[in-house]
Q: 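Could you have a look at this structure, given as structure tokens, before my questions?
Note that ligands are numbered from 1 as they come in the structure, with each ligand's atoms numbered from 1 the same way.
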Amino acid sequence: MRRYSAFAVAKEAFRDHQGWTRAWRSPEPKRKYDVIIIGAGGHGLATAYYLGKNHGIRNVAILEKGWLGGGNTGRNTTIIRSNYLQDPSAAIYEKSRSLYQDLSQDLNYNVMFSPRGVMMLAQTEHEIRGYKRTAHANALQGVETRFIGPAEVKKLCPIIEVRGPRYPVLGALWQPRGGTARHDAVAWGYARKCSEMGMDVIQKCEVTGVRREGGRVVGVSTSRGDIDCDKLGIVVAGHSGHVADMAGFRLPVESVALQALVSEPIKPCMDVVVMANTVHGYMSQSDKGEMVIGGGADGYNNYTQRGSFHHIEETVRALIETFPMISRLKMLRQWGGIVDMTGDRSPILSKTPVEGVFINCGWGTGGFKAIPGSGWGMAELMATGRSPLTDAFGLDRFREGRFVDESVAAGVAH
Ligand code: FAD
Ligand code: PYC
């Protein structure tokens with residue numbers, strides 16, 4: 001039997017992806033679709049896929065102003081976990097995690113899901129209390145997590161300095177079934193399946209207006225002409241406020257840049273994902289050997305999709321405290337994505353004031369993990385008018401004060 005190293009598998013998968021994306025040609029838009037989805041990121045594509053697969057709705061176009069997965073879906077640090085506090089969040093994130101488990105088989109496309117385990121370090125007494133509370137809530141929700149002590153942290157990840165100079169590691173919230181997946185492959189896998197079902201995934205097609213008649217949607221204006229539709233899904237992450245404005249309503253979201261960087265590749269040195277939220281940095285090792293590192297969000301609203309020097313300094317400083325062995329690593333690349341933040345740090349999956357228009361946004365710093373579950377729920381909402389997965393995440397919660405507070409679980413400082 002031929003044996004593959006992790007590197008060989010990654011290289012092969014990458015070649016496969018490259019071959020497929022090179023062969024990709026966007027079709028010409030038709031004049032009319034049953035459903036148009038704006039945004040070919042993971043959430044838009046997954047919504048379209050489950051509309052076709054679960055509800056038989058296949059006269060669908062996904063319109064993308066740039067390229068497939070070129071937004072946050074292709075820019076994130078790929079952490080997948082479902083250790084949230086509130087029941088509606090645990091339901092959608094755990095649904096998502098469980099769909100990720102079989103996603104490669106379902107899409108017939110290797111998304112490289114790697115359930116290697118995720119730990120969120122507790123470095124203050126306050127965090128210990130918060131994570132123990134989450135572990136108890138997760139037990140009631142059927143999500144497998146537990147609070148572990150520093151000795152177990154060290155055993156699971158020997159390169160951590162648990163005695164830390166400023167904040168010793170006091171324990172961690174451990175989710176053994178959390179992990180990572182290859183971000184581009186998630187977008188490409190969903191896109192290929194949508195295309196196989198007869199849907200049109202159209203790149204370089206920017207939506208510039210939402211056309212309405214008598215309070216309901218009739219179509220969109222785009223850089224490639226007007227296209228009609230019966231229903232419209234707005235799934236554009238950091239650009240949600242802008243596109244909602246085209247449809248004539250306002251959203252309670254703010255857009256900010258969130259940054260990440262990767263190091264040069266090194267030999268395998270950690271086989272779990274670690275988030276250190278007090279000093280603020282998170283790290284995992286990719287199959288190619290690069291250390292994948294993420295930092296915080298910018299402290300001011302902006303649309304600058306790029307990195308900045310002060311973030312490298314802050315993030316690397318935090319991580320060197322936690323993992324002293326990375327101090328001499330060279331950093332290879334840095335980038336940013338524009339994330340859409342809500343006040344309660346929970347997403348919006350909702351009908352809108354315009355009949356036929358639905359919105360999926362507000363995933364902020366944590367929506368990669370939610371792509372399959374969000375697509376499943378959003379498709380059900382668009383097809384049938386209701387989904388138990390999305391009930392708690394309507395726009396009306398902001399008017400009625402029914403927040404789904406996930407500021408601790410969001411994990412990333414904002
Ligand atoms: P996107 O992937 O951004 O897709 C939206 C698409 O809409 C874009 O391709 C855009 O070009 C398109 N669009 C916008 N306007 C228009 C228009 N007018 N017409 C047509 N198309 C339009 N989440 C996690 O769960 N784990 C992580 O570890 C994690 N790390 C992150 C690290 C960074 C640095 C960043 C930036 C994000 C991270 N996230 C993480 C968050 C996650 O990436 C996002 O929540 C998720 O990818 C959002 O997916 P999406 O499909 O909604 O948006
Ligand atoms: O949601 O787990 C997360 C995450 C990690 C880094 C950015 N977001």
Q: Taking only heavy atoms of Ile79, which atoms of ligand 2 are found under 4.0 Å from at least one of them?
A: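 Counting from 1, the qualifying ligand atoms are 2 (O), 5 (C).
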Q: Would you say Gly364 contacts ligand 1, with heavy atoms under 4.0 Å as the rule?
A: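 Checking ligand 1 against Gly364, which is what was asked, there is a heavy-atom contact under 4.0 Å.
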Q: Taking only heavy atoms of Gly41 into account, list the atoms of ligand 1 that are under 4.0 Å away from them.
A: 2 (O), 4 (O), 51 (O)
Q: Working to the nearest 0.5 Å, report the span between NZ of Lys231 and CD1 of Ile57.
A: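 CD1 of Ile57 is found 5.5 Å from NZ of Lys231.
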Q: Go through ligand 1 atom by atom and flag the ones less than 4.0 Å from a non-hydrogen atom of Glu206.
A: 18 (N), 19 (N)
Q: Between Tyr131 and Phe147, is the ring centroid distance below 6.0 Å?
A: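 Between Tyr131 and Phe147, the centre distance exceeds or equals 6.0 Å.
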Q: Number the atoms of ligand 1 from 1 as they appear, then name those within less than 4.0 Å of a heavy atom of Lys369, with their elements.
A: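 Once the distances to Lys369 are compared, the set is 24 (C), 25 (O).
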Q: Measure from NZ or CZ of Lys95 to the centre of the six-membered ring of Trp376 and say whether it is under 6.0 Å with the direction within 45° of the ring axis.
A: yes
Q: Please work out which of Asn76, Thr73, Ile338 has its closest non-hydrogen atom nearest to atom 38 (C) of ligand 1.
A: Asn76
Q: Within ligand 1, which atoms have a heavy atom of Gln259 less than 4.0 Å away?
A: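 Taking each heavy atom of Gln259 in turn, ligand 1 has 34 (C) under 4.0 Å.
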Q: Whether Asp226 and Arg31 form a salt bridge (side-chain N of Lys/Arg under 4.0 Å from carboxylate O of Asp/Glu) is what I want to check.
A: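 No, no charged N to carboxylate O under 4.0 Å.
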Q: Counting each atom of ligand 1 from 1 as listed, which ones have a heavy atom of Cys205 under 4.0 Å away?
A: 20 (C)
Q: Do the side-chain N and O atoms of Gln175 and Ser82 include a donor-acceptor pair separated by under 3.5 angstrom?
A: yes
Q: Using distance alone, decide if ligand 2 has a nitrogen or oxygen within less than 3.5 Å of any nitrogen or oxygen in Thr77.
A: no
Q: Please work out which of Val235, Ile202, Thr222 has its closest non-hydrogen atom nearest to atom 5 (C) of ligand 1.
A: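 Ranked by closest heavy atom to atom 5 (C) of ligand 1, first place is Val235.
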Q: I'd like to know whether ligand 1 has Gly42 as a neighbour, heavy-atom separation below 4.0 Å.
A: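 Right, Gly42 reaches ligand 1.
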Q: Mind checking whether Lys369 has an N or O less than 3.5 Å away from an N or O of ligand 2?
A: yes
Q: Show me which atoms of ligand 1 lie under 4.0 Å from any heavy atom of Arg75.
A: 33 (C), 34 (C)
Q: Whether the Arg116 and Ser114 side chains hold a donor-acceptor pair (N or O, under 3.5 Å, no angle test) is what I'd like checked.
A: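 There is such a pair (donor and acceptor under 3.5 Å, judged by atom type) between the side chains of Arg116 and Ser114.
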Q: Closer than 4.0 Å to some heavy atom of Gly366 - which atoms of ligand 2 meet that?
A: 1 (O)
Q: Identify, by atom number and element, the atoms of ligand 1 in contact range of Trp363, meaning under 4.0 Å from any of its heavy atoms.
A: 45 (O)
Q: Purely on distance, is any nitrogen or oxygen of Tyr84 under 3.5 Å from one on ligand 2?
A: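 Between Tyr84 and ligand 2 (N or O atoms, distance only) the closest approach is not under 3.5 Å.
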Q: Out of Leu258, Ile38, Val210, Asp340, whose heavy atom is nearest to atom 33 (C) of ligand 1?
A: Leu258
Q: Using a strict 4.0 Å cut-off to heavy atoms of Thr365, name the atoms of ligand 2 that fall inside it.
A: 1 (O), 4 (C), 7 (C), 8 (N)
